[in-house]
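Excluded from the calculations below are hydrogen atoms, water molecules and symmetry mates; all remaining heavy atoms, backbone and side chain alike, are included.
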Amino acid sequence: MRFINHTAAILILILVFSVPCYSSMQLEVDVTEHEESTGKSLRIFIDSVRVHPDDETHLFAGALTISIFTEDQFKTSIMSQIEIASTQSNRKLKSYEQLLKVGDPFSASLDGKNDSHYSIEIIPLSIDNRHAPDIETQLNADESIHLIYHYPPQSIVEYKLPYYSAFIETALKALKEDFQIAFPGKVNYFLFERESGNLLWDDDFPIAFNPMQRKMAVVYDYANTELCATYLSAYLIYEQWGFSHPFLVWGFAGYFDAPHFFTMKLRSTGIKIDPADFFTSRLNWQGNPAHYLPYIASFVHYCVRTYGINEFKELYNTCSDITDLKSSFKTHFGESYETIKDDWLRMLDGYDPDLAEVGFYADNQYNFLNNYDRAGIIFEYLAKKYPKNSGTAIRLGGCLYGLGDYDRAADIYNKLTKLKGDEAESYLLLGNSLYSDGKYKKAKRNYLKAIELDSTYYQAYYKLATIFLKEEQYQQAEENFMMALGWAPEGSIYSQIYLGWAESFEALNQSRKADSLRNLGVAFAENRVEAIPHVLMNRMLLGEAYLAVNKPRIAIDELLAAIEYEKRAYYIGRINLGLGKAYDLLNQRNKAEQFYRKVIEGKSAAYHKEQARQLIKQPYRRS
């Protein structure tokens with residue numbers, strides 16, 4: 001089952017409640033809008049769907065929802081209750097008791113906006129013994145201010161939900177404050193790690209809507225979450241305002257996603273899109289959504305800001321898929337589409353956003369979603385405009401470091417030390433970038449400078465200790481590990497300190513002390529995971545701790561859990577190195593070498609690459 005040129009304005013949410021069944025029926029569903037005054041017709045939805053006896057299936061086609069409640073099954077037919085409802089506040093509803101029989105089409109109609117109506121045709125294609133897909137029966141639930149989240153237990157969603165939810169709530173707050181969009185009650189928001197067999201998903205977006213039952217579903221992909229607020233906004237607009245032309249729905253849904261900025265950047269690369277190309281049903285939309293969505297949202301944003309939200313909402317309320325948007329713009333805004341487009345393009349040509357306009361969006365992408373690519377583009381722009389803004393510099397450096405561009409991150413942090421030469425953090429960040437770039441002597445100088453400015457800076461002591469350990473200056477390493485432990489907040493990086501300190505004792509032939517420290521490292525790592533399970537770095541630290549005490553099998557479990565959704569280049573390299581070591585301990589040399597090569601070929605830190613090259617030559621063995 002799949003969409004044809006799928007749309008999020010034409011989405012299906014099929015909730016299948018698993019019951020014993022012996023066959024199923026394949027249906028084709030076709031929806032067309034007709035405009036009486038012009039005689040114009042436009043297909044807005046076509047797809048096939050499989051229904052099962054004693055199930056319920058809900059198809060969302062933007063303008064309307066088709067619900068099929070199946071009952072008794074016969075050899076070539078299934079008795080069904082069919083409900084067709086429009087997606088608007090004054091809902092129109094029709095209900096039919098219908099025997100769905102193979103080869104016997106069912107037709108219905110429903111009034112739409114203005115003088116339009118919808119024709120719905122359901123064609124039973126075949127019947128066979130396919131069973132209903134299993135549903136997720138063990139979903140955890142958690143609530144935020146406006147949503148009830150449902151998600152698989154022990155999944156990435158469980159770990160990342162606090163950050164994801166915080167980001168989502170900022171978007172809802174903006175909709176509420178700027179446009180008085182109210183949210184009575186809570187929406188059931190389903191988060192899956194992959195496309196569930198119980199849902200029919202949009203090909204362009206990993207989503208499924210069912211506003212009639214106040215439900216929506218999203219495939220949570222930690223590597224690609226930047227549009228999650230857009231998806232939720234589109235759902236809420238359908239639920240609160242009803243249906244309209246998909247251009248207006250999705251344009252307004254992207255209102256707070258810095259659309260002018262990203263449209264400006266796309267235009268600078270030569271990608272130029274005419275919004276009018278999308279003045280039709282989403283069945284006919286073509287191209288890369290990452291390219292056309294900013295243009296659509298930017299144009300709608302410009303219209304809302306220029307003509308006001310009340311005028312835009314009046315336009316929204318009168319439009320549907322079949323509406324001639326060019327004429328509607330002229331009617332509601334008093335200007336032709338061509339004039340509005342020219343004015344919009346002139347605005348983009350002179351667009352020069354300030355920190356207040358795009359900084360908040362970039363901060364949220366950086367802090368909550370770790371979207372370093374998307375946030376980094378904005379911070380790089382702002383850093384050039386505000387070269388003395390230390391907050392922007394720190395975030396740009398963080399984006400570059402997260403992407404594995406350690407040299408450029410060091411350049412940013414070097415400038416930061418000149419801006420804020422009296423703050424230890426600037427020197428620590430510079431030291432970390434230099435260290436990851438393989439410039440150890442320069443890194444050491446910056447860690448020492450950080451300690452000079454703040455003698456309690458435990459992170460600088462720890463990093464300095466690791467350099468002394470690398471240089472085989474074990475006494476100095478031990479002293480700095482001890483200082484790091486003394487000043488670190490309880491439990492913070494204790495496991496890392498103990499494991500590093502153990503290496504110093506091992507090198508000094510004090511194995512008993514080394515073993516004792518390793519055991520402490522494991523204990524603190526285990527406590528950390530238990531206390532804060534949603535921080536994946538804690539799983540990495542626990543994996544490294546198990547590796548240090550020669551427990552490679554459970555180390556692999558923790559390291560694989562940590563790397564599955566890790567975005568930061570430094571930690572990806574570090575985890576891959578740990579996995580290589582673990583497989584070496586299991587004498588699985590081929591697997592070990594595969595992970596070492598990932599370290600070398602990726603954007604790992606220089607010292608991780610150095611270790612990987614050495615371990616390809618000689619297998620890892622715990623001393």
Exercise for review: Can you label the angle between the Tyr351 ring and the His260 ring as parallel, tilted or perpendicular, going by 30° and 60°?
Suggested key: perpendicular
Point to revise | Phe205/Trp250 aromatic ring centres below 6.0 Å | key: yes
Review point. Aromatic ring centroids of Phe368 and Tyr163 under 6.0 Å?
Key: no
Exercise for review: Determine, stepwise, if the pair Phe192 / Tyr151 fulfils ring-ring contact (aromatic ring centres under 6.0 Å, His included).
Suggested key: CA-CA 6 Å; Phe192 298 102; Tyr151 54 89; over 10 Å; no
Should the pair [X]-[Y] be classified as a salt bridge under the 4.0 Å nitrogen-to-oxygen rule?
{"X": "Lys173", "Y": "Glu169", "result": "no"}
{"X": "Lys513", "Y": "Glu506", "result": "no"}
{"X": "Arg568", "Y": "Glu566", "result": "yes"}
{"X": "Lys439", "Y": "Asp407", "result": "yes"}
{"X": "Lys385", "Y": "Asp352", "result": "yes"}
{"X": "Arg408", "Y": "Glu380", "result": "yes"}
{"X": "Arg518", "Y": "Asp515", "result": "yes"}

Keeping [X] on the side-chain end and [Y] on the backbone end, is there a donor-acceptor pair under 3.5 Å?
{"X": "Asn527", "Y": "Ala523", "result": "yes"}
{"X": "Tyr413", "Y": "Asn432", "result": "no"}
{"X": "Glu193", "Y": "Ile156", "result": "yes"}
{"X": "Tyr386", "Y": "Leu355", "result": "yes"}
{"X": "Lys186", "Y": "Ser144", "result": "yes"}
{"X": "Lys581", "Y": "Ala592", "result": "no"}
{"X": "Arg395", "Y": "Gly391", "result": "yes"}
{"X": "Asp584", "Y": "Tyr620", "result": "yes"}

Quiz: residues 486-496 side-chain donor-acceptor pairs under 3.5 angstrom, not counting sequence neighbours:
residue, atom, partner, partner atom, Å
Ser492, OG, Pro489, O, 2.8
Gln496, OE1, Arg574, NH2, 3.3

Under 6.0 Å from the ring centre and within 45 degrees of the ring axis: does the NZ or CZ of [X] meet both conditions for the six-membered ring of [Y]?
{"X": "Lys463", "Y": "Tyr447", "answer": "no"}
{"X": "Arg374", "Y": "Tyr361", "answer": "no"}
{"X": "Lys470", "Y": "Tyr440", "answer": "yes"}

Check your understanding: Are Tyr406 and Tyr570 close enough, and set up right, to give a ring-ring contact (aromatic ring centres under 6.0 Å, His included), and what steps lead you there?
Key -> CA-CA 9 Å; Tyr406 308 115; Tyr570 169 85; 7.2 Å; no
Exercise for review: Please step through ring-ring contact (aromatic ring centres under 6.0 Å, His included) for the pair Tyr435 and Tyr607, ending with a clear verdict.
Suggested key: CA-CA 8 Å; Tyr435 193 4; Tyr607 51 94; 4.4 Å; yes
Check your understanding: Stepwise, does the ring-ring contact (aromatic ring centres under 6.0 Å, His included) test hold for Phe252 with His301?
Key -> CA-CA 7 Å; Phe252 192 69; His301 190 289; 9.2 Å; no
Practice item. Determine whether more than 12 heavy atoms belonging to other residues, nucleotides or ligands lie under 6.0 Å from atom NZ of Lys567. Key: yes
